[in-house]
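What follows is a set of notes on a single structure, which appears directly below.
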Amino acid sequence: MSSLPSRSWVEISRRSIAANFRAVRDLVGPRVEVMPVVKADAYRHGAVEVSRILLSQGARWLAVSSVEEAIALREAGAAARILVMAGCLPPERQALLDYDLTPVIHSLDELRVFDQLAASRSVSPACHLKIDTGLGRLGTLAGADEILAAIRSLGNVRLEGLMTHLATSADYSSGQTEAQMAAFDALCAHLRHAGFLPPLLHVAATIPVAYGRRQAWYNMVRPGHAIYGYVSPVRGPAPPRLLDVKPALSWKAAILEVKDVPEGALIGYGGMFRAPRPLRIGILAVGYADGFPHRLSNKGKVIADGRLVPILGAVSMDLATVDLTAAPSLRPGDSVTLLGAEGHASIGAQQIARAAGTISYSVLCGISPRVKRLYV
Ligand SMILES: *Cc1c(COP(=O)(O)O)cnc(C)c1O
């Protein structure tokens with residue numbers, strides 16, 4: 001391991017991850033299983049370490065997107081059930097069995113193929129079936145009778161879960177959520193009547209949990225964002241938010257250089273910023289290659305010595321420039337906060353997302369693997 005100082009790093013609070021998971025569990029109660037989502041390397045918080053924290057808090061399930069993500073957790077020793085949610089490519093199916101992973105199946109053909117594979121290896125793996133109730137992405141569009149027939153004809157595979165995913169849960173003025181729930185409930189009723197309803201039913205990600213949409217909880221929920229301390233704002237006539245979580249991650253960058261520039265100086269590529277008066281500028285060791293959005297050029301802010309200061313000019317690949325006139329004590333080697341709190345100032349992922357014209361999920365997932373992680 002190198003002991004060189006970091007140019008840019010994130011600090012992740014283990015205590016916050018644990019507390020956020022417990023807050024979800026306390027809200028949904030003991031009859032609803034909480035399956036935290038640790039896809040995309042736990043929204044860049046580090047899936048292996050985050051999973052360890054969650055399992056130590058009693059999580060029994062983890063959800064990831066891909067077989068590759070699931071294998072990384074198994075190889076790091078995670079003994080929990082692992083649900084692979086975002087589909088798997090045909091050559092990956094063997095690995096589902098080799099690593100004892102639970103796939104979400106998205107079509108009745110795929111269900112039959114998985115059953116044949118299980119038969120050829122004389123094993124009886126579980127799987128969950130995803131229904132497209134209106135998201136228009138992954139999930140089967142088959143009718144209830146077809147689904148029932150497919151379940152009845154399974155030889156080896158056990159259908160353990162039935163799930164769907166909501167398209168518009170953040171918009172309480174849309175009727176789409178109610179329509180999706182009605183479709184899911186109708187299918188469940190049909191399967192229950194025939195005696196083939198799988199034991200686990202799950203629909204809710206963070207927002208239906210946080211805003212108390214209890215009819216979407218069934219007996220399992222799949223929060224991702226909330227585990228990391230975020231709940232996106234909602235639109236329309238929403239009920240009060242019931243879930244209290246706190247961001248677990250803060251992102252810092254080192255100052256490489258501090259210098260005084262005269263009035264009229266142009267800063268960075270394209271001369272996008274011209275100093276309106278003499279300024280002290282700081283050059284930060286972070287850029288868009290680290291995931292610091294280029295769209296923050298001349299727009300975003302960072303926290304320097306406890307105050308918000310503006311980004312000057314273009315964010316470049318490995319560097320960004322900020323105004324340190326109001327933070328004269330900072331020197332090369334000191335750090336600033338890009339995301340998080342320092343003194344009385346704070347910058348949230350939501351705020352960065354708004355300035356950069358994106359969403360908070362994308363800000364978090366955009367933090368590059370070259371940004372070091374420290375668990376505190
Ligand atoms: C990512 C994802 C989730 C978690 O969503 P959040 O909004 O982060 O809570 C849940 N279910 C599925 C299918 C997902 O892809």
Side-chain angles (χ1 to χ4, degrees), residues 17 20-21 23-25 27-28 32-45 47 50-51 54 59 61-70 81-88 101-106 127-140 161-172 176-177 180-181 184 200-213 216-235 238 241-249 348-350 353 358-367:
I17 298 277
N20 293 339
F21 173 73
V24 172
R25 199 174 51 193
L27 175 58
V28 299
V32 178
E33 183 83 34
V34 178
M35 174 168 60
V37 177
V38 296
K39 65 189 178 189
D41 204 12
Y43 297 38
R44 300 300 312 156
H45 291 62
V50 166
S51 296
L54 295 169
W61 284 82
L62 298 168
V64 296
S65 283
S66 67
V67 171
E68 191 176 3
E69 290 176 347
R81 297 289 305 275
I82 302 179
L83 189 71
V84 178
M85 295 194 301
C88 74
L101 309 176
T102 306
V104 173
I105 301 282
H106 298 100
C127 76
H128 293 207
L129 179 65
K130 188 171 190 178
I131 311 301
D132 181 358
T133 54
L135 177 61
R137 213 177 57 179
L138 284 173
T140 178
L162 198 64
M163 66 185 282
T164 191
H165 198 41
L166 300 172
T168 338
S169 63
D171 187 354
Y172 276 82
Q176 195 180 5
T177 300
Q180 287 194 258
M181 301 278 302
F184 190 71
L200 293 174
L201 304 174
H202 48 106
V203 173
T206 289
I207 286 180
V209 170
Y211 288 85
R213 201 190 280 270
W217 292 355
Y218 299 90
N219 54 11
M220 185 178 239
V221 294
R222 313 185 299 260
H225 221 203
I227 299 297
Y228 310 102
Y230 301 90
V231 177
S232 297
V234 291
R235 291 182 297 282
R241 182 175 140 181
L242 303 180
L243 182 68
D244 185 26
V245 288
K246 293 193 179 53
L249 176 148
Q350 220 83 249
T358 180
I359 58 174
S360 55
Y361 292 73
S362 155
V363 171
L364 294 173
C365 291
I367 299 174

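For ligands, and for the atoms within them, numbers begin at 1 and follow the listed sequence. Numbers here simply count residues along the sequence, with the first being 1.
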- prompt: Within the side chain of Asn219, is there an N or O that forms a donor-acceptor pair under 3.5 Å with the backbone of Glu33?
  reply: no
message: Measuring only between side-chain heavy atoms, which start at C-beta, is Val231 closer than 4.5 Å to Tyr211?
response: yes
query: Excluding sequence neighbours, so at least two apart, what forms side-chain contact (heavy atoms from CB on, under 4.5 Å) with Leu135?
result: Asp132, Arg137, His165, Ala167, Gln180
query: Any side-chain heavy-atom pair from His225 and Leu364 closer than 4.5 angstrom?
result: yes
May I have every N or O pair linking ligand 1 to the protein at under 3.5 Å, one per line with atom names and distance?
unit_1   : atom_1 : unit_2 : atom_2 : d
ligand 1 : 7 (O)  : Tyr361 : OH     : 2.6
ligand 1 : 8 (O)  : Tyr43  : OH     : 2.5
ligand 1 : 8 (O)  : His225 : N      : 2.8
ligand 1 : 9 (O)  : Thr206 : N      : 2.9
ligand 1 : 9 (O)  : Thr206 : OG1    : 2.5
ligand 1 : 9 (O)  : Gly224 : N      : 2.7
ligand 1 : 9 (O)  : His225 : N      : 3.4
ligand 1 : 11 (N) : Arg222 : NE     : 2.9
ligand 1 : 11 (N) : Arg222 : NH2    : 3.4
ligand 1 : 15 (O) : Lys39  : NZ     : 2.7

Face-on cation placement of Arg213 at Tyr172 ring, 6.0 Å and 45° thresholds: yes
- request: Could you check if a side-chain atom of Tyr230 sits within less than 4.5 angstrom of a side-chain atom of Val363, using non-hydrogen atoms only?
  value: no
